[in-house]
Amino acid sequence: TRSTRPQRLLNAVRKHATRGDPQSVISAIDHFCRHSEWAMNIGDEKGSILDSVVSELNPEKVLELGTYCGYSTVRIARLLPPGARLITLEFNADYAAIARQVIALAGLEDRVQLVEGASEDWIPRMKEHFGIETFDFVFLDHWKDRYLPDTKLMEDCGLLRKGTVLLADNVICPGVPDYLQYVRNSLSYKSCYFKSHLEYTKAEDGLEKSVFLG
Ligand SMILES: Nc1ncnc2c1ncn2[C@@H]1O[C@H](/C=C/CNC(=O)c2cc([N+](=O)[O-])cc(O)c2O)[C@@H](O)[C@H]1O
Ligand SMILES: [Mg+2]
């Protein structure tokens, strides 16, 4: 059977990255996506904005919705102090298997917990299953029609505290109009837009950073 694009992406990482060197894993994926096959990783341009938000916040407890191949997982985890924890949710078993290997190649498995399952099933179980009180940082990059319901679910489950930062990818392309309208108009969030480009293209896209006000 033909290989899948995530499998070919992993092969490129194995070939060009250095085990235990997260930057080489990031560079190998960006090179593959620019010169071989486009894939829906946040990419280097928006990735630099993600890096700056994470570095400024220095979060201890991080949640990522939508692991895919683990590119943004590696970008975030490489910036976390060793005691910090990143929980990333991915419900496609094939993608999860690829992501586990990408995260291991980067040498970051000690900071990352990849949970195979749906966000809507696991968000309500964060407290009792992972002992998480609240998250400091949440990165949203899964199916775009899940951003808003999952944000409301995190609110209802008490997983957000005053100052928790939500960062959402693709608020222009493919777009998340219902989510944007919510975080920009709700009195519970202070929101701002970081203009950028869709990964590996010249199309406009951007990230929305929303601070929960409690
Ligand atoms: N409820 C859920 N729980 C757990 N995992 C879930 C989930 N919903 C989706 N996922 C996973 O998250 C990833 C989906 C990403 C959608 N991004 C996109 O559709 C996307 C598209 C473009 N684009 O078309 O240009 C550009 C981008 O940056 C994009 O992120 C996939 O790995 C999928 O299996
Ligand atoms: Mg995305």
Rounded to the nearest 0.5 Å, how far apart are [atom1] of [X] and [atom2] of [Y]?
X    : Y    : atom1 : atom2 : value
I123 : I132 : CD1   : CD1   : 12.5 Å
E90  : I98  : CD    : CD1   : 11.0 Å
L207 : L167 : CG    : CG    : 5.0 Å
T73  : R111 : OG1   : CZ    : 13.5 Å
I103 : T67  : CD1   : OG1   : 6.5 Å
S188 : L160 : OG    : CG    : 10.0 Å

Mind listing the closest non-hydrogen atom pair of [X] and [Y] along with its distance?
X    : Y    : answer
S72  : I42  : CB-CG2, 4.2 Å
P81  : P59  : CD-O, 4.2 Å
G158 : T134 : O-CG2, 3.5 Å
G43  : Y200 : CA-OH, 3.5 Å
S119 : H142 : OG-CD2, 3.7 Å
N170 : E199 : ND2-OE1, 4.1 Å

Looking at K127, I'd like to know if its NZ atom is crowded, meaning that more than 12 non-hydrogen atoms belonging to other residues, nucleotides or ligands lie closer than 6.0 Å.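 Atom NZ in K127 is crowded, with more than 12 foreign heavy atoms closer than 6.0 Å.
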Both conditions, 6.0 Å and 45 degrees, for the charged tip of [X] above the ring of [Y]: are they met here?
X    : Y    : result
R184 : Y193 : yes
K61  : F130 : no
R146 : W143 : no

Do D178 and Y147 have side-chain atoms, one donor and one acceptor, less than 3.5 Å apart?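 No donor-acceptor contact under 3.5 Å links the two side chains.
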Side-chain donor/acceptor of [X] to backbone N/O of [Y], under 3.5 Å:
X    : Y    : result
D136 : T164 : no
S186 : Y182 : no
T18  : D21  : no
E56  : V53  : no

Hydrophobic cluster membership, [X] vs [Y], 4.5 Å side-chain cutoff:
X    : Y    : value
I87  : L79  : no
M154 : F91  : no
F32  : L198 : no
L159 : Y179 : yes
Y68  : V25  : yes

Do the charged groups of [X] and [Y] touch, with an N to O distance under 4.0 Å?
X    : Y    : answer
R75  : E64  : no
D141 : K144 : yes
E155 : K152 : no
R85  : E60  : no
D44  : R34  : yes

Tell me, do [X] and [Y] make a side-chain contact under 4.5 Å, heavy atoms counted?
X    : Y    : result
K162 : F212 : no
T201 : W38  : yes
E116 : R100 : yes
V165 : S210 : no
Y71  : L9   : no

Hey, mind stepping through R78 and D51 against salt bridge (Lys or Arg N to Asp or Glu O under 4.0 Å) and telling me if it holds? CA-CA 9 Å; R78 85 191 202 285; D51 290 357; 2.8 Å; yes
When the ring planes of H35 and H31 are compared, do they come out parallel, tilted or perpendicular, using 30° and 60° as the limits?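 Tilted, since the angle between the ring planes falls between 30° and 60°.
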If the plane angle is over 60° it's perpendicular, under 30° parallel, otherwise tilted; pick one for W122 and H129.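 Perpendicular, since the angle between the ring planes exceeds 60°.
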Between V211, L63, T151, which is the residue that forms a side chain to side chain contact (heavy atoms under 4.5 Å, CB included) with L166?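 Exactly one pass, corresponding to T151.
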Pick out which of L65, V62, I76, L114 makes a side chain to side chain contact (heavy atoms under 4.5 Å, CB included) with T88.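 Single pass found, and it is L114.
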Given L180 and E208, is the side-chain contact (heavy atoms from CB on, under 4.5 Å) satisfied, shown in steps? CA-CA 8 Å; L180 267 194; E208 189 81 1; 3.6 Å; yes
side-chain contact (heavy atoms from CB on, under 4.5 Å) evaluation trace for L213 with Y189: CA-CA 5 Å; L213 303 174; Y189 293 92; 5.6 Å; no
After noting the C-alpha distance and the side-chain angles of I29 and V13, does the key distance pass the side-chain contact (heavy atoms from CB on, under 4.5 Å) rule? CA-CA 6 Å; I29 293 173; V13 175; 3.5 Å; yes
For the pair R14 and L105, evaluate side-chain contact (heavy atoms from CB on, under 4.5 Å) and give the outcome as yes or no after the intermediate values. CA-CA 8 Å; R14 284 194 177 123; L105 276 166; 4.0 Å; yes
